[in-house]
Amino acid sequence: MEARALARAFYNLVEFPYPSAEGLHVGHVFKYCGADAYGRYIGMRDGVPVFQPMGWDAFGIHTENYALKVGQHPMGLTGRTTERFRAQLSRISARWDWDHAVDTSRPEYYRWTQWVFVKLFEAGLAYRAEAPVVWCPSCLTVLAREQLEGDDRCERCATVVEERRMTQWFLRITAYADRLLDGLEALDWPERAKRLQRAWIGRSEGHEIDFGETVTVFTTRADTLAGVTFVAVAPDDPRVGTTVPHPITGAPVPVCAADYVVGDYGTGAVMGVPFHDERDHRFAIEHGLPIVDEPLDPSLGDRCGRAAVRYRLRDWLISRQRYWGPPIPIVHCAACGPVAVPVEQLPVELPEVEAFRPLGTGESPLAHVASFVRAPCPACGGPGRRETDVSDTFVDSAWYFLRYPCVDRDDVPWDERARPADFYAGGPEHVQRHHLYARFVTMAMHDLGYLDFEEPFPRVRLGGLLIKDGAKMSKSRGNVIGPDEYIDRHGPDVLRCALLFTAPWEQGGDFRDDAIAGVERFFARCRKQVHGTDRVGNYVKRAGEAIERLRFNVALAAVMEGLEHFDRPTLAVTLAPLAPALAQELWEAAGRDGSVHDQRWPDLPVIEGDTVTLVVQVDGKVRTRLELARGADAEAAARAAVPGDYSRAVVIPDRLVNLVSS
Ligand code: ANZ
Ligand code: ZN
């Protein structure tokens, strides 16, 4: 897309996939087709070009684990899987801008991932420190805490992780905790996504209170200080067994080990107030500690202590003891310490080596590649040792949306064409990882003067999960369904509409093969439909409004329901976002030239008054209300609006439909 068109374009961003070897499954297609339909509609509604790039999140553990499993080298494997993904994605009637594709595993991309790291390092936002970290004994690397599933399982392989103390590289995301939190207010995100991020950042206002010289506690209930009868610390804390003076009375208070204390939250020490706190109460009973009821005093926090703010958020641990990732661009020098590789010397290329298996020693396999490790110190020229850990795959994806518009530049990571995405179609699993990381990196790059905006994703919507015949698709169940057979047999638009008709896009739902036959019948009716009526404006309007709300199923239902009112050209234009190839076919059948996709969304007269409000119930409970033309097929409209398995429907024409589920 040329620069001027790009500047006007609607930036329709979708989360780029990691190209797994199995290829695309219909869950991807559901997500991408929804985003594509939305982008097409906005382009037609506003008369603007749509910038919809695609790329490959191809560097990282996910790809490398698969390479290990099949015994292939990740370099060759990645080339093959991205080709396969690209071929599949080209067949779903989606409008990808392949000229702007990125591949995070290519040196021309990761050179700039390393550049981002160097800029953060120079600004004091990347540092190396010893800290308690989590280690996956199967992936043989450390992980960031936000990359755990549940509390303690590796996101990639579901193995229970171990706690270790290791010296690692971190990005100082905690310096942005308040801005990440405050910035949420102005974003057009689903409330549940905001809630997840807020909880993950976990800002807590309270007080720090000293118990003598050795123990400081963090409390949100300083008013209960008079009732403290013990201090609790984590089990591996060396201070256990001592006593400390109570800040008000000076009386000795025992320091106890309690497994409910988190070592690296707050100050790692908790004041025990058994009368007011349930956990403390249980602990006091178990250990025979006193329980006293003293009056609450809100002023105690500022007499005996000082106001303090604590966050649950930890700095982002980015080093991985693995092979398939961008080498962290640092040289360790005995005299100068860790020195960043000068940006003109980037990329630090990942050497092609056969021995790429993780070692499990706490070092990356690169540590054994002598020609890689030896490097002169960039500061003093003396002998140095290259950093051999690679960076987390989430660093690659924290800035890819900045690169898309600017892939033709090899002298800068991005230029003035970089901009926030107008729309970002994502998944709920990324809210506290990718979305948080990308916001942090964007804010940091803004503060360093490299960007003139600080929020990358002002508008996010999260696609729901597509399940297949009642079960979540998974490799272990063997029910992962690819799109190819459907497309071979029925064409891309039938699959696309069958998926979009399955469920509201944000909610997700159950895809069943019978949906295919229903859509085929609908397409056949569309091909026969020629002459319209003046009532069609109502249906076009409803379809457009539904697409705007990502209710593609409702949009399709509006067209199905009003089909007999459509003339051919209007039908073609209305179907263009949903069934792009069918729409073009109908357009040409109507004798029109050019592309239906260059048309504006029809603005037709709407006939007021002849509509009714239909109440849709499920098992007697109101689920939604629909505006319908009087006399329309109420049951079909209700079933489309609330997809599910229903045994029957009770219909009061023009008033109410009750869907009965058992
Ligand atoms: C005394 C007290 C009395 C507390 C009371 C609560 C209720 P949030 O909101 O999550 O920040 N706490 C502090 N550091 C802790 C740690 N490292 N591990 C486990 N618990 C910790 O919670 C703050 C409260 O959690 C603090 O306030 C402290 O217990 C506990 F009736 O102090 B409180
Ligand atoms: Zn793992």
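Counting convention: from 1, in listed order, for ligands and their atoms alike.
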Pairs touching residues 248-259 that satisfy side chain to side chain donor-acceptor pair (under 3.5 Å), sequence neighbours left out: none
Tyr450/Trp115 aromatic ring centres below 6.0 Å: yes
Filter the ligand 1-protein atom pairs down to N or O on both sides and distance under 3.5 Å, then list them.
from     : atom 1 : to     : atom 2 : distance (Å)
ligand 1 : 9 (O)  : Ser204 : OG     : 2.9
ligand 1 : 10 (O) : Arg312 : NH2    : 2.9
ligand 1 : 11 (O) : Ser204 : OG     : 2.4
ligand 1 : 11 (O) : Tyr265 : OH     : 2.5
ligand 1 : 17 (N) : Val262 : O      : 2.9
ligand 1 : 17 (N) : Tyr265 : O      : 2.9
ligand 1 : 18 (N) : Val262 : N      : 2.9
ligand 1 : 20 (N) : Arg279 : NH2    : 3.2
ligand 1 : 27 (O) : Thr219 : OG1    : 3.4
ligand 1 : 27 (O) : Thr220 : N      : 3.0
ligand 1 : 27 (O) : Thr220 : OG1    : 3.2
ligand 1 : 32 (O) : Thr219 : OG1    : 2.7

Cation over ring face, Arg403 and Trp414, 6.0 Å, 45°: no
Heavy-atom pair of closest approach, residues Arg322 and Ser364: O-OG, 3.3 Å
Basic-acidic side-chain contact under 4.0 Å: Arg461, Asp188: yes
Arg306/Glu208 salt bridge by N-O under 4.0 Å criterion: yes
